[in-house]
Number of protein chains: 2
Amino acid sequence: MKRPTIADVARRAGVSKGAVSYALNGQPGVSEATRRRILAIAEEIGFSPSSAARALSGATAKAVGLALCRPARILGIEPFFMELISGVEAELSARSYALTLQVVADQAAEIAVYRRWWAERRVDGVFVCDLRLDDARVPVLEELRLPAVVIGGPGHTGTLASVWSDDAAALVETVEYLVALGHRRIARVGGLPELLHTRLRTEAFERVCRDLGLAGAVTVPSDYSGEEGARATRRLLSSPNRPSAVIYDNDVMAIAGLSVAQEMGLAVPGDLSIVAWDDSPLCQLVHPPLTALGRDIPAYGAQAARHLLAAIAGEPVGTLQDETAHLTPRGSTAPPRGSTAPPRER
Amino acid sequence: MKRPTIADVARRAGVSKGAVSYALNGQPGVSEATRRRILAIAEEIGFSPSSAARALSGATAKAVGLALCRPARILGIEPFFMELISGVEAELSARSYALTLQVVADQAAEIAVYRRWWAERRVDGVFVCDLRLDDARVPVLEELRLPAVVIGGPGHTGTLASVWSDDAAALVETVEYLVALGHRRIARVGGLPELLHTRLRTEAFERVCRDLGLAGAVTVPSDYSGEEGARATRRLLSSPNRPSAVIYDNDVMAIAGLSVAQEMGLAVPGDLSIVAWDDSPLCQLVHPPLTALGRDIPAYGAQAARHLLAAIAGEPVGTLQDETAHLTPRGSTAPPRGSTAPPRER
DNA sequence: CTGAAAGCGCTTACAG
DNA sequence: CTGAAAGCGCTTACAG
């Protein structure tokens, strides 16, 4: 089957190629009647402008890029990215933008991908995930003047646009909730320490624990995998002053932690309360169901996509705050059991 | 920053644009010394050929497409697609191919996406997931002559290339394993009934149960969600002749089933054995860890990608069988407890 | 409101 | 082995 071109449409409509182009792009230069006739013919013969020709004539590539820098094992198990992508897609496809996805091994490879995309004019803009402190990607994207939206923050985004959610506030709320239940020994299994949002959560955790006079507010780092979640939990639970509550930086580690606790003969929530970030259907599949911090990730992705399209359109874009994760109490949290309550601080 | 073009490279190298093109594409027409010099200059000034210009000159778009037709909720929770994408990417990026991802609402939308991609010349080929019986996408792709690799089968792929895995054999192995343990009442919670691989599994299940003289080999359909897995399990376990073993078509439903069993006071594996498809890290996070059918999904994706690139290159490609899922016995399966053994058939 | 033409940045026959 | 040129299918000033 031969692909129809703009010339085919022009011939059948009895107009010039220019007229077809104007009609298709909603530009002035054709009468309303002609425009309608041209559109009908394009539709009839299944014409869509060649994205290559369009991009080459100085218009946009009508594509944006997303590079993901996580090993396959972790990518698969974290619902976050797929949910984010779903939300991004919903917004993009409504405006006929394509999403170009690339899985990369490390930051250097990711930067190389940005440079290549830019040189190839393959994308009009990019999303940046997993922001780090002094992130090397930020100055590169600024230098290339490639429109970008950082998914994360606040801060450390240079002059790039960004969307973020206040994890620190959510963490404080969680600690206060646990303290209200009577917990005094709270620990945390954190995500990758080099990620900014991990750092922000850790700082908020230490601050609120200090403010509330809680001792031993330790954060054990991890790579988000179930194995590390289990290992961290074992370490925490076998320490002399074991915590009565643990906050996990993702759902998978929380579920692993729940297993470990049960394995060690500790009742949840009787002996140990558990809170998971990234509330997902998984949290409700286990017993007891997990108290979790959740928010609408597809909506977050949609927000990021709108922001990026605005940046590409040349609109002034800055920092956009999305909703803060909210706590959904479920069966995995309760007041600490009297018999196992930690000794009162003195 | 101005993007370098082939003319910039040609000028600095003191050769024609044609020579640069030949050098870059490994074509004859330039001496080895000149080629090396040109490549060095391209590297130095960060030149990559414009994908649009390249695509427009009749070369390929250097991109392939993947349309996913599942709701966000399900996409996120199934590690399958992200693992598949990881494997696909590994192969594509090694050959500088981009992956264009699109989430669609239904088959009609998916077909529209294929037609648009084709008309726009946006991709050189596509992957087709979730094959159905009499799948409407197959004749469309044949008509468009858009290179495609169906991920699924066997059969029902028309003249399209495909990669598949023998789910029927894996299912038979699983049933035989359960029967060897002493189970006589085996049920199954299946995936979406309209998907071909669900159908093939169901047929294999019914066949092997008939061959082995097992009664009540029922398959309850589902949408792969934890909720439906839980509902189906409740229904199965409260039937008068409840099964002593259940096979689930994915890991999430198996975990939900485990929860339901424990909720209903049934011991796993004492009162109920559980087997999950799609062995994933999740299966080892729960208690007891789940006996599961697994295979290397990133490798499957890589295989599919190689196959698609071969099809795009015009090589004759057909049907490729990938490894069959293998059963990993873990704590969720055991001989049925004597007291709860089903009455002997007579 | 419409038509003829240049130009985007490549690839690829075609001469030399 | 190299250079000059056509052409891919659009968009967009520029004349009419």
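We name chains A, B, ... by the order of the sequence lines, and we start the count at 1 in each one.
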What is the separation between atom CZ on A:F47 and atom P on D:dT11, rounded to the nearest whole Å? 7 Å
So CZ of A:F80 and SG of A:C129: to nearest 0.5 Å the spacing works out to 6.5 Å
Rounding to a whole Å, what distance do you find between A:R11:CZ and D:dC10:P? 12 Å
Listing, residues 17-29 of chain B side-chain donor-acceptor contacts under 3.5 Å, not counting sequence neighbours, or none:
from, atom 1, to, atom 2, distance (Å)
B:S21, OG, B:N25, ND2, 3.4
B:N25, OD1, B:R54, NH2, 2.7
B:N25, ND2, B:S21, O, 2.9

B:R3 CZ to C:dC8 P, in whole Å, measures 14 Å
For A:E323, all residues meeting salt bridge (charged side-chain N to carboxylate O under 4.0 Å, His left out), sequence neighbours excluded: none
What residues, two or more places apart in sequence or in another chain, satisfy side chain to side chain contact (heavy atoms under 4.5 Å, CB included) together with B:Q321? B:W164, B:D166, B:T324
Closest to the B:S31 side chain: D:dC1, D:dG9, C:dC10? D:dC1
Residues at least two apart in sequence or cross-chain that pass salt bridge (charged side-chain N to carboxylate O under 4.0 Å, His left out) with B:E315, listed by chain then number, are none
Residue pairs passing the salt bridge (Lys or Arg N to Asp or Glu O under 4.0 Å) test with at least one member in residues 29-40 of chain A, sequence neighbours excluded, are A:E32-A:R35, A:E32-A:R36
Protein-nucleotides 3-6 of chain C N/O pairs under 3.5 Å:
from, atom 1, to, atom 2, distance (Å)
C:dG3, OP2, A:S16, N, 3.0

In whole Å, I'd like the distance from the NZ atom of A:K62 to the P atom of D:dC10. 14 Å
Distance, rounded to the nearest Å, where A:E120 contributes CD and C:dC10 contributes C1': 13 Å
Please report the distance, rounded to the nearest Å, between CZ in B:R54 and C1' in C:dC8. 16 Å
Who passes salt bridge (charged side-chain N to carboxylate O under 4.0 Å, His left out) against B:R132, sequence neighbours left out? none
Nucleic acid contacts of residues 34-43 of chain A, taken as heavy-atom distances under 4.0 Å to DNA chain C: A:T34
Pairing of A:E44 and A:R12 as salt bridge, 4.0 angstrom limit: yes
Pairs involving residues 75-86 of chain A, ordered by first then second residue, that meet salt bridge (Lys or Arg N to Asp or Glu O under 4.0 Å) (sequence neighbours left out): A:R70-A:E78
Which stems does DNA chain C form, counting runs of 3 or more consecutive Watson-Crick or G-U wobble pairs with both distances under 3.5 Å? C:1-3 with D:14-16, C:5-12 with D:5-12, C:14-16 with D:1-3
Here's a test of your reading of the structure: between B:P28 and A:L24, which maps to the more 5' nucleotide of DNA chain D? B:P28
For C:dT11 and B:S21 - does any side-chain N or O of the residue sit under 4.0 Å from the phosphate oxygens OP1/OP2? yes
Is the distance from OP1 or OP2 of C:dT12 to the nearest side-chain N or O of B:Q27 less than 4.0 Å? yes
Can I get a per-line list of side-chain donor-acceptor pairs under 3.5 Å for residues 298-309 of chain A, giving both atom names and the distance, sequence neighbours left out?
from, atom 1, to, atom 2, distance (Å)
A:Y300, OH, A:V163, O, 3.3
A:Q303, NE2, A:D322, OD1, 2.8
A:R306, NH1, A:E91, OE1, 3.2
A:H307, NE2, A:G318, O, 2.8

If I take atom CG in residue B:L56 and atom C1' in nucleotide C:dT12, what distance separates them, rounded to the nearest angstrom? 14 Å
Review item, side-chain donor-acceptor pairs of residues 98-110 of chain B, under 3.5 Å, at least two apart:
from, atom 1, to, atom 2, distance (Å)
B:D106, OD1, B:A108, N, 3.2
B:D106, OD1, B:A109, N, 2.8
B:E110, OE1, B:R137, NH1, 3.4
B:E110, OE2, B:Y114, OH, 2.7
B:E110, OE2, B:R137, NH1, 2.7

For the residue pair A:S50 and B:E120, confirm or rule out a side-chain donor-acceptor distance under 3.5 Å. no
A:R121 side-chain N/O to C:dG9 phosphate OP1/OP2 under 4.0 Å: yes
A:N25 CG to D:dT12 C1', straight-line distance once rounded to whole Å: 10 Å
Which nucleotide, D:dC10, C:dT2, C:dC10, lies nearest any side-chain atom of A:V30? C:dT2
